Each structure stands twice: as structure tokens, then as C-alpha cells.
Q: 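Starting off with a structure, shown below.
Please read these numbers as outputs of a predicted model, since none were measured by experiment.
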Amino acid sequence: MEDKGYNPAHIEDKWYEYWEREGLFRADNSSTSQPYSIVIPPPNVTGSLHMGHALNNTLQDILIRMKRMQGRNTLWMPGTDHAGIATQNVVEKELAKEGKSRHDVGREAFVQRVWEWRAKYGGVIINQLKKLGASCDWSRERFTMDEGLSRAVKLVFVTLYNDGLIYRGDYIINWCPRCHTALADLEVVHDQRRGHLYHIRYPITDGSGAYITVATTRPETMFGDTAVAVNPGDKRYEGLAGKKALLPIIEREIPIIFDAYVSTEFGTGALKVTPAHDLNDFQIGNTHGLERVVVIDDDGAMNENAGPYVGMDRWAARDKVVEDLNTAGLLEKIEDYPVPVGTCYRCQTVIEPILKKQWFVKADVLAKEAIKAVEDGRTRIVPKQWEKTYFEWMYNIRDWCVSRQIWWGHRIPAWYCEDCGEVIVSMEAPAACTACNGANLRQETDVLDTWFSSALWPFSTLGWPDETKDLAVYYPTSVLVTGFDILFFWVARMMMMGLYFKKEVPFRDVYIHALVRDEQGSKMSKSKGNVIDPLTIIDKYGADAFRFTLAAFAAMGRDVKLSEGRIEGYRFFINKLWNAARFVTMNLDDGYVPDYDFGDRDLSPADRWILSRLETVTGQATQALEDYEFNNAAGALYQFAWHEFCDWYLEVSKIYLSSDDTIAVKRVRDILVYCLDTVIRLLHPIIPFVTEELHTKIPGATGCLVTGPFPVRNDSLVNAAAERDFEQVQILVTGIRNVRGEMNIHPKKRLVAIISAKDKDQAVIRENVEYIKTLAGVEEVQLGESISRPEASATAVCGPFTVYIPLAGVIEFDEERKRLSSEIEKVNEEIDKVNRKLGNDEFVKKAPEEVVLKEKDRMAVLVSKKERVAESIDRLEDYFKKGGN
RNA sequence: GGGCGGGUAGCUCAGUUGGGAGAGCACCGGCCUUACAAGCCGGGGGUCACAGGUUCAAACCCUGUUCCGCCUACCA
């Protein structure tokens, strides 16, 4: 190991290629060990890796790598999603550059073109996942438009249709006039824009010259009005029962109806009802049997029903209508009003609610099982708080509009008979109409919502509808790792489909992680310009540092706020690890053969301590990962590797390594190597590249770290007494260092430490005296219960020990008194706090005995400390009064 | 309108059944101590948003207030 610093660029690609070449990520469905499987949330085939992917896949990779090392039969199933609208948009843009639209090239050629695009660019995100280190089984990679997955989609559609769970019907749907397709409710992004509330007069046709004033934000839809509705209890409009109003401009008569839906408070209390362009109005229309008049076409322009405005864009028409109404004296007033609008999640165009015939999945039936599965714990949602959100949505689920009027996607397997109107839904194109035997059949042109195929992902990727070995072994999957933003889009629907078609939940656990945000906590978006590109980060800091950062910040239920500074910080950790390994390996000799059996050996206090800590941390880190507490695992390992192993044990080891005691040297080498080996194994799931590289430096290492084994806590090495003793040493050493720091004593200046301690506390000093000397820069230690102390000395009160450091000629009275006084102040504060507790009879009476005892102990310690510090001040004053120094 | 989450050190956040307020970064001081200056040693810094309540004891449990974020929704 020559390099002083770690350089990820030299290592990461090399290892990924090696792992893949050796087939180490490949699942073996004939394995007899317990399966552990994850299906990747398939990224859009058009996508490129963003922070969300990076976090999502890092967490999955950590889990799957740990399980793989533990010897489980692991499968991480990868793949991509055909992303209907998004992909179609990309290719349409490409066409636009050639001055063509998809209609110019035709459906078949267009779809062909999308496939070509996918072949060329569809692999981008896959390669980016590899950069990140994702250990997916790429030999099984799937695509939602695969032949197999397409078959699954068709079968599901046909089955649901035959079971009465898919129907076709008229409904108000969310229409994107730019994408030319319907959108599911979930695909509409709600927004609020500045707009107006227009008060428009509709003349009453009773010849009285009266009129009714309606308030609307969308005057251009008035040509689709088929009623004016008022609240039945609204006294203002009592007299209008049975009367009709006249739609201005096109002069069509419409009834005045009474419906409790209308609020008397809002606007004028009179509502224009446009059943073909508003969901509420649609429902009112249903109740009252109103006519439905569509006035806006698929491009968002006014149609022939809009009279003189035909052909005008809906926004232009609005202005013109308002102007014309004003001219006609029918515009009462215009108020500023924030208008809620829905926009297309793909292109931000304001969606138009339009009445159209669409295909729907009856969701409430499917939701029932999906609710039950979470209620009775067959699927566990982690963190639990998301269960509530899940239930909330599931209980209020609405039918799912699954038809999309685009070309890229799974074409709905339905045919219409042009002769008799029969609708035939089947796996294969029927030769003749099943009703009239006519041959005049036309296939449905709509395709299915992309989420329809994604909903099948956990079983369709495993081979369903065939009863494959993979399906038998890996379904249900162990865990689904995903962001809460697609809890409804995806998770809920997978639950419904999995339960319906496999009669089993698709996953045992759902781990919901947070969103990655920028350091201010804003969502990263291109328009805000605050996106951090994962690939740039990987190039700059290495995938390991990046992954560690994500893991360290992935606390449950919290967003991950990311900044480059943090990633840089964790790169330092990787480097630290690298250098620790350098130190260890530099201190081995050629013939070194490790021996990890420490049971019969004469261990030093430091050995016992670090081994105990190592095993404890092994347990903690493992448990944390089992519980999806990624931050805790990362934190525990960081703390141990850096602040225990490197800061303390490595320093202590130097004492032995430079000694002539060959047995001790061998023992310390073994422990160093054992700790290093264990730590890099524990860290491998989080930072696979550097650990794999370091693994090759471990003497006697065979195979790849990827295949494990993962450390298991060795309880026989856990030693609470050893941990306590070494903590005493740490307290003592830190105390002496503190004096050194505060008194500005040069680090190289050797000190004398005169330690006063009760008999019972002296053993630990004697056993660790060499450590104390080395770590605190002490050349001589004197120890006794009532040891005589030099007059001019600094004092460190450390736990049960009082350390005097002779500083004749160096010590400055004011400095030391200030230091000790502030020490007393701190102690006094603590004493006050404890006093308040112990002085409270209720506390002593009611608190558990152990708590009271603990407080009493604490008080004794504090009082003793205070006395010792106070005494030091006194002596110091005496000394200087006598004219010392 | 409904729901959820959050307000803890200058910044970003931990704090797991209520019992001595923590980390990383930043900051200050001292060190090139042969693994690492991407480092080492030491240090300062917080009425745990606010107000009540429960309790011997509250950052933690309850109620209210306030601010922020997100999801969701058919008052035009």
C-alpha cells in the first residue's frame, strides 16, 4: 500500500467489473438457503440517475449486500419502466426537430422509433446504477414492455375485465391537451394561480327582464352549461322555481335547478352547471338528468358548440367571452380570485376536465384485501406512521382511470365490433365478433397507464403467469424500498394486484424512505437550479463517500438534506479507514499468518477493551440494518472505526509493536488485523468499493468480500469490565491532555503525573500505566492514596483520580486559578441539580430505588470532585502567597 | 377544508418504552507526535418554538398557540 491517500477513481470501476464478471450478483434459485429478495423500483427508461434514485438504490444495495454476505439466497431484481407519457414525449421532441409529429409518421412507425430510442439510450440509467455500486442481478433485468411482462399485463386486464373489475364508462377525466391523453387523478399536480371570479348575468326567460347572476372562474365553459343551480334553502332565488335562464350569446335556454351542493355563501349563490367539464357539475348533472355538452376539444380549443368562438384556444376564448359579455351589459363584476388548477405532471399544461369514455379499474374491491393485509401485519410498513396514510387513501380510493390516449404502452386488449357494437376483451385478437360473428372488428387504440404494468412488477418480473422457479422461490419479496411519493401510485397498486393474482402480499416489508432535498430543504428541481448530480458527486468524491453520506443521513421519517460539504466530510472517513489499513499492514511482516483465536491468550487491557467494543458494535450495526436504521449503523461504525479503533487502540498498539516481546507483537498484530477485517466487512454493504480493495490487503484473505461472510457478534469477547476499565484510562488521559492544552504546554514536553487514588482504584492505573504514559505524554507516574504533592502544580480531577502535574516555573497562577474556578462552577451547577432532586422527599419516596441510588452516587462523586478542586485552589493560593514561582 | 411531519448548539441533524442534553460540520487555541495536515490534541457554545397540564421527575406523554414543510381535497 503505497498511496498515502485514498483515490476512488483507481478502484471503483475495476471492482464493479470484476464482481459482475465473476457473476457474484447472480441469484441461484436452486440454493437451499433462505431466500431474500428485493425488486427494484424500476426507474423510467428515459431517466438518468438523480438523488432520489441514488438514495433509494443505495439503501437497497446495503440490505441486499448484507444478506448476501450472511449467506442468504439473495435476488435483487432490476429493470426499467417504459414510462409511457415521458418516453413518448422524448421521442416526439426528437421528431419535432425533424419537423414532424407522431401523426406524420403513424402509430406503427412511431412505436418502432421509440423502441429504437430505447435500444440506444435506455441503458443509461442502468450504467449509472452500476457506478453507484448497485449489486443487482443484471442477468435477470426486465423491462415493462418485455414480451413476458406484456403477457402478464394482458392476462391481468382480461381477468379483471371478466371478473367485472374493469369497466368502460363515461366520466370526467383529466385531459392533457398537450400530451393528448387522459391522466389519472394522481398524475395531476394541483396548483393555485391568480385569476378572477366573473359575475355573469343570465336573463330569466319569463319576460320579466330579471336575470340570475352566476359566479364563475371559467366563463368560456358557459356554452356547455345545461343548468343554473341554487341552494333549495336560498331565499333569494325562491321565486325562480320552474323558470329558465337564457345562456347569453348563444341564447340557449337552460333550467334553474335546486341542489344542496350549492353554497349560499359563495359568490352569488348561483352556480352555472357544466356537466361535461367539471366533476362536481357532472355529478349534479347525474342527479338531475342534465344534458352534457362538450365545448372544448382535445387540443384545448373551443369546439362547434361554442358558437362564435369555435376554434379559439380556451384562454383566448375566455378573454373574448368576457369582453363580449361586458359589451352586452351582462358582466356584473370581476373579482380577483385565486383559481385552483390542475396541471399535467409531465408537461405542466393546465389539464382540462373533459367528459370521455375511458377504461376504469374498480379499485374499492381490490383495496379491501390490500387494507386487510397491512392491518393483520402480512405486510409491514416501516416507519409505521405511513400505514395511516396508506389506510387513509385506501379507504377513500376512487376508481382508477387506466386508459391513456398515447401510442407508447400496452395496447388495451379490447376490440369493438363495428357491426353490432359488441366489446370483446381477450388475450388474442378475435377473428370474428363473438356476438354477431361479424368480421368488422376494430382494436381499442388506447394504451394502459404505465402504473398498470408496474403494479404487476413483483411477480411479472419473476416470470408470472408462468409458474417459474424464481416465482416459487422469491415471491413474496422480502422488502420493498421506496419513497413515499409513490406510495399510492405504486405500492398500493402492487398490493392490490399481488393479492388478487398471487393470493399473497408482494412484500413482507415496505420501507419508506424520505426525499433528498438540498441543504435548504427545498426539493431539488431543474428549474430551481439546485440539483446535485449524483454522477458528478461520484466522480468527485467516489461512490463510497457518497453512499456513506446517504446512509448516514437516512434517518427514518426525515428528509435527507444534502450538501457537498457533507459528502466531503465522509470522504475523510473513507480516507481514515484507508490509512488505518495502511498502518496495520505496514506493521506486519512477510511471514505473518493471522490467528483470530483469542480465547486462550494473555490479552492486554486494551486488547480486551477493543475486542469487546468491536463485538458490541458488530451487534449494534447488524441490528440497526435489520431494523432499517441506516443512519444508526453508519454512525456506530463511524464512531467505532475512527474514535475508538484509530484514536485509541492504534495508538496503544504502537507500544507493543515497537517492543521486543514477540508474543505481544504477534497478539497485537492479530487483533489489529481482526478488527480491521471485521470493520471492513461490517462496512462493506455501505461502502463496497474501498472495503473490497482493503480486503485484498488482509493477510490470508481469500475470495471476495461481496460473498461474505458478514461478521457475527462473538459474545465470548464482550467484556463489560474491560470496557469500564479502559474508560477510566480514557478519562485520565483526557484529563491530563486537558491540562496540557489549557496551560499551553508543548505536546513534546514530558510531564510527571502524581495520581492520588483510593486503594481500590489503583489497580487500573497500575495495569494501564504504560498507556497513560504514552497517550498523555507522561514520563513518570507516581501513585498513592495520600501521596505528597508538589506545591506548584496543575490539577486534573478525573473521575476517582486526582492528578497533580508539577509545573514549577511554568504554571501561571491566574491561568490555573481561572481554569479550576470554572471547573468548580460547572460542578456546582451539577450539584445544584442533583440537590434539587435528592432534596425532594417525593422523589426519594416515589422514584425507583435504583434511580435514587444513582443520583446519590452521582452526588458523592460531584462533592468529592468539588472538594478536590477547591483544595487545589487553596494550595495554589498558599503557594503564591508564599511568593512561589 | 382534511391529514401528516417537523421546530434541540452558528449550520445539518441524532436523541428507541419519561430519570445525568449528543454527533458531524463550522468556530477558537495548540501541534508537521514516522497510518492519515483529507491529520492529531484540547476548548467554547443550547430556557430542547411558546403557554399550560400530567408526574417525584418532561426534549420525550396530554391540551392549546405559533411558525415551517409535505400530502390530499368537488365550494364554482
Q: Taking the six-membered ring for Trp, are Y638(A) and F572(A) ring centroids under 6.0 Å apart?
A: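 Y638(A) vs F572(A): aromatic centres not under 6.0 Å.
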Q: Using heavy atoms and a sub-4.0 Å distance, could you list which residues of residues 270-283 of chain A are near RNA chain B? By number, please.
A: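 Of all residues in residues 270-283 of chain A, the ones placing a heavy atom under 4.0 Å from RNA chain B are L271(A), N280(A).
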Q: Separation of H196(A) atom NE2 from A76(B) atom C1', in whole Å?
A: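 The answer, rounded to whole Å, is 16 Å.
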Q: Indicate for each nucleotide in nucleotides 56-63 of chain B, in 5' to 3' sequence, whether protein heavy atoms under 4.0 Å reach the base (B), only the sugar-phosphate (S), or nothing (-).
A: B-------
Q: Rounded to whole angstrom, note down the P distance from G7(B) over to C62(B).
A: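 About 14 Å, rounded to a whole number of Å.
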Q: If you take any heavy atom closer than 4.0 Å to RNA chain B, which residues from residues 642-652 of chain A end up in contact?
A: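 W642(A), H643(A), C646(A), D647(A), L650(A), E651(A), in order of number.
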Q: Within the 3.5 Å criterion, strictly below it, is a donor on T274(A) or K272(A) matched to an acceptor on the partner's side chain?
A: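 A pair is found: one side chain offers a donor N or O, the other an acceptor, under 3.5 Å apart.
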Q: Counting any heavy atom closer than 4.0 Å, what does T389(A) reach on the DNA or RNA strands: base, sugar-phosphate only, or nothing?
A: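 The answer is nothing, as T389(A) stays clear of every strand by at least 4.0 Å.
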Q: Over how many whole Å does the gap from W386(A) atom CH2 to C4(B) atom C1' extend?
A: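 Going from W386(A) (CH2) to C4(B) (C1'), I get 7 Å.
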Q: Determine: side-chain N/O of K388(A) to OP1/OP2 of C4(B), distance under 4.0 Å, yes or no.
A: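 Checking K388(A) against C4(B): at least one side-chain N or O falls below 4.0 Å of OP1 or OP2.
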Q: Rounded to whole Å, please give me the gap between CD in E335(A) and C1' in A76(B).
A: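 Result: 12 Å.
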Q: Taking atom types as modelled and ignoring hydrogens, do the side chains of T264(A) and D234(A) form a donor-acceptor contact shorter than 3.5 angstrom?
A: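 Checked: T264(A)/D234(A) side chains show no N/O donor-acceptor pair below 3.5 Å.
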Q: Counting only side-chain heavy atoms from C-beta out, which of G39(B), G42(B), G19(B) sits nearest to V851(A)?
A: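 Minimum distance to the V851(A) side chain belongs to G19(B).
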Q: Hey, is E568(A) close enough to K540(A) for a salt bridge, meaning N to O under 4.0 Å?
A: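 Answer for the salt bridge query: no.
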Q: For R750(A), which contact category applies under a 4.0 Å heavy-atom criterion: base, sugar-phosphate, or nothing?
A: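 It contacts nothing in the nucleic acid.
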Q: Determine the contact category for G735(A): base if any of its heavy atoms lies under 4.0 Å from a base atom, sugar-phosphate if only primed atoms, P, OP1 or OP2 are that close, otherwise nothing.
A: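 Result for G735(A) = nothing.
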Q: Would you indicate which nucleotide in C74(B), G20(B), C36(B) comes nearest to any side-chain atom of R582(A)?
A: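 Of C74(B), G20(B), C36(B), C36(B) is nearest to the side chain of R582(A).
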Q: Identify the two heavy atoms, one from F548(A) and one from L683(A), that lie closest to each other, and give their separation to 0.1 Å.
A: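 Taking F548(A) first and L683(A) second, the nearest heavy atoms are CE1-CD2, 3.8 Å.
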Q: Report which part of the nucleic acid R571(A) touches: base, sugar-phosphate, or nothing (heavy-atom distance under 4.0 Å, all strands).
A: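 R571(A): no heavy atom of the nucleic acid under 4.0 Å.
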Q: To the nearest Å, give me how far apart CD (E823(A)) and C1' (G42(B)) are.
A: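 Going from E823(A) (CD) to G42(B) (C1'), I get 13 Å.
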Q: When you compare the protein's N or O atoms with those of nucleotides 45-48 of chain B, which come within less than 3.5 Å of each other, and at what distance?
A:
none

Q: Distance check, rounded to the nearest 0.5 Å: K818(A) atom NZ versus E823(A) atom CD?
A: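 So the gap between those two atoms works out to 14.5 Å.
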Q: Distance check: side-chain N/O of R740(A) vs OP1/OP2 of G43(B), anything under 4.0 Å?
A: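 No.
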Q: Tell me which nucleotide among A14(B), A76(B), G43(B) gets nearest to the side chain of N738(A).
A: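 Closest nucleotide among those given: G43(B).
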Q: Pick base, sugar-phosphate or nothing for Y570(A), based on heavy-atom distances below 4.0 Å to the nucleic acid.
A: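 Nothing, no nucleic acid heavy atom in range.
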Q: Can you give the dot-bracket line for RNA chain B, where a pair is Watson-Crick or G-U wobble with both atom distances under 3.5 Å, crossing pairs use [ ], and | marks a partner on another strand?
A: ((((((((.[[[[.)...(..]]]].(((((.......))))).....[[[[[..)....]]]]])))))))....
Q: Quick one: which of A14(B), A35(B), G42(B) gets closest to the side chain of K654(A)?
A: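 Nucleotide nearest to K654(A)'s side chain: A35(B).
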Q: Can you confirm whether K773(A) is buried at NZ, in the sense that more than 12 heavy atoms of other residues, nucleotides or ligands lie under 6.0 Å from that atom?
A: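 Result for NZ/K773(A): enclosed.
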Q: On RNA chain B, compare the nucleotides closest to V739(A) and H190(A); which residue's is nearer the 5' end?
A: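 Whichever sits nearer the 5' end wins; that is V739(A).
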Q: So for N579(A) and A35(B), does any side-chain atom that can act as donor or acceptor lie under 3.5 Å from a complementary atom in the base?
A: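 Side chain to base: no pair present.
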Q: Once you apply a heavy-atom cut-off of 4.0 Å, does Y337(A) come out as touching a base, just sugar-phosphate, or nothing?
A: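 Sugar-phosphate, backbone atoms only, no base.
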Q: Output one line per pair: protein atom, nucleotide atom from nucleotides 26-30 of chain B, and distance, for all N/O pairs under 3.5 Å.
A:
none

Q: Atom CD1 in I805(A), atom CD in E816(A): separation rounded to 0.5 Å?
A: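 CD of E816(A) is found 8.5 Å from CD1 of I805(A).
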Q: At less than 3.5 Å, do the side-chain atoms of R737(A) and the base atoms of G42(B) form a donor-acceptor pair?
A: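 No such pair is found, so the answer is no.
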Q: Taking the minimum atom-to-atom distance to the side chain of F572(A), which one of G39(B), U12(B), A76(B) wins?
A: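 From the listed options, G39(B) comes nearest.
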Q: So what does K576(A) hit on the nucleic acid, given a heavy-atom distance under 4.0 Å: a base, only sugar-phosphate, or nothing?
A: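 Since a base atom lies under 4.0 Å of K576(A), the category is base.
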Q: May I have the distance from F573(A) (atom CZ) to A35(B) (atom P), rounded to whole angstrom?
A: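 Taking atom P of A35(B) as the reference, CZ of F573(A) is at 19 Å.
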Q: Does the distance from a Lys or Arg side-chain N to an Asp or Glu carboxylate O, for E352(A) and R218(A), drop under 4.0 Å?
A: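 Salt bridge flag = yes for R218(A) with E352(A).
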Q: If I compare all heavy atoms of Y771(A) with all of V652(A), which pair ends up nearest, and what's the gap?
A: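 In terms of heavy atoms, the two residues are closest at CE2-CG1, 3.3 Å.
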Q: Check whether the side chains of N587(A) and R582(A) place a donor and an acceptor atom closer than 3.5 Å, and report yes or no.
A: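 Not at all, the side chains of N587(A) and R582(A) share no donor-acceptor pair under 3.5 Å.
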Q: Report the distance from atom CZ of F583(A) to atom C1' of G39(B), rounded to the nearest whole Å.
A: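 Atom-to-atom, F583(A) to G39(B), this comes out as 15 Å.
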